[in-house]
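What follows is a short report on a single structure.
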Protein chains: 2
Amino acid sequence: MELTNKQITVIFKALCDENRVQIFRLLQNGEKCACKLLEAMQCTQPTLSHHMKILCDSGLVVGRKEGKWMYYSISPEGTEKAVNVLRELTKVSDSGECCCK
Amino acid sequence: MELTNKQITVIFKALCDENRVQIFRLLQNGEKCACKLLEAMQCTQPTLSHHMKILCDSGLVVGRKEGKWMYYSISPEGTEKAVNVLRELTKVSDSGECCCK
DNA sequence: AAAACATATTGACAAGCTTCAATATGTGTG
DNA sequence: CACACATATTGAAGCTTGTCAATATGTTTT
């Protein structure tokens, strides 16, 4: 299953913002509801909602709705996939020399 | 050695742009000089230079100067570190439940 | 059904990023 | 030393992203 360059950028955009990195740290000890995340973060509710959308789009985080609450957690499948993508993309085959040498 | 949130974003910004993802693909089969990369990419020389700077800043790519040529390659140390950072940041400890539950 | 609550969406503005033309720096060559 | 060449830097334009106030949507409670 090959990903396009575009799809790859979507995954890693999750980690391109300090606030979103902070959200990962908050989610490390398990699922958290949006209200708890909002308490811990220093931003408004719409801003948090925006970041959570980007995180979910990346596949690294999954959301689960329960009544009026929204629970977010780190996706083991998503993160495993991200690690594999990173590994693949940075794997060196070294099958040749550059002509300029 | 703990990284700040900011430092983590610097690493993954390397992979937030389609062109830079493309550059990784070009570097996968070994070190390449800037002129070869420029040939393969569809951008101007200053733009490539800018992307290479971001890639080097991330630590995922290293540059080596030889005469008037600049050779770039994927850094095994940098990529290993990035994988570890990604693993650490997305590791779930699951040491508690959210209060809202 | 209305009120209270949690989260999402919209629209606007500011900050940051990508891109290029022009120019600068540094290296080898005649 | 002057010229050609490879790459880097600067400055400006356009696009994208992050942020917030205001508002909308959907859920529970009274």
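Just the heavy atoms: all of them, side chains too, but no hydrogens, waters or symmetry mates, feed the values below. First the proteins, then the strands, lettered A, B, ... as listed; each starts at 1. Small disclaimer: the values here were computed from a predicted structure and weren't measured.
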Looking across every strand, which nucleic acid part, if any, lies under 4.0 Å from [X] by heavy atom: base, sugar-phosphate, or nothing?
{"X": "B:H50", "value": "base"}
{"X": "B:L38", "value": "nothing"}
{"X": "A:L37", "value": "nothing"}

Contacts of [X] that satisfy side-chain contact (heavy atoms from CB on, under 4.5 Å) - sequence neighbours left out:
{"X": "B:T47", "value": "B:C43, B:T44, B:H51"}
{"X": "B:I54", "value": "B:R20, B:H50"}
{"X": "B:Q45", "value": "B:L38, B:S49"}
{"X": "A:E88", "value": "A:K91"}

With sequence neighbours left out, the residues meeting disulfide (SG to SG under 2.5 Å) with A:C16 are B:C16
Please list all pairs passing the side-chain hydrogen bond (donor to acceptor under 3.5 Å, both in side chains) test where one or both residues lie in residues 78-87 of chain A, with sequence neighbours left out. none
Chain B footprint on DNA chain D, 5' to 3' - any atom under 4.0 Å from a heavy atom: D:dC5 to D:dT9
Mind listing the N/O atom pairs, protein and nucleotides 2-6 of chain C, below 3.5 Å?
residue : atom : partner : partner atom : Å
C:dA6   : O3'  : A:K68   : O            : 3.4

Sub-4.0 Å heavy-atom contacts from residues 8-21 of chain A onto DNA chain C, ordered by number: none
Check DNA chain C against residues 40-49 of chain B and give the residues with a non-hydrogen atom under 4.0 Å, in numerical order. B:C43, B:T44, B:P46, B:T47
If you round to the nearest 0.5 Å, how far is [atom2] of [Y] from [atom1] of [X]?
{"X": "A:L60", "Y": "A:I23", "atom1": "CG", "atom2": "CD1", "value": "12.0 Å"}
{"X": "A:L89", "Y": "B:I74", "atom1": "CG", "atom2": "CD1", "value": "7.0 Å"}
{"X": "B:Y71", "Y": "B:L27", "atom1": "OH", "atom2": "CG", "value": "13.5 Å"}

Can you name the nearest heavy-atom pair linking A:E18 to B:N5, along with the distance? O-ND2, 3.8 Å
Please report the closest heavy-atom contact between A:S58 and A:I11, naming both atoms and the distance. CB-O, 3.6 Å
Under the rule for salt bridge (charged side-chain N to carboxylate O under 4.0 Å, His left out), what residues qualify as partners of A:K68, not counting sequence neighbours? none
Going by the salt bridge (charged side-chain N to carboxylate O under 4.0 Å, His left out) test, which pairs reach into residues 52-62 of chain A, not counting sequence neighbours? A:K53-A:D57
Rounded to whole Å, the NZ-P distance (B:K53 to C:dG16) equals 17 Å
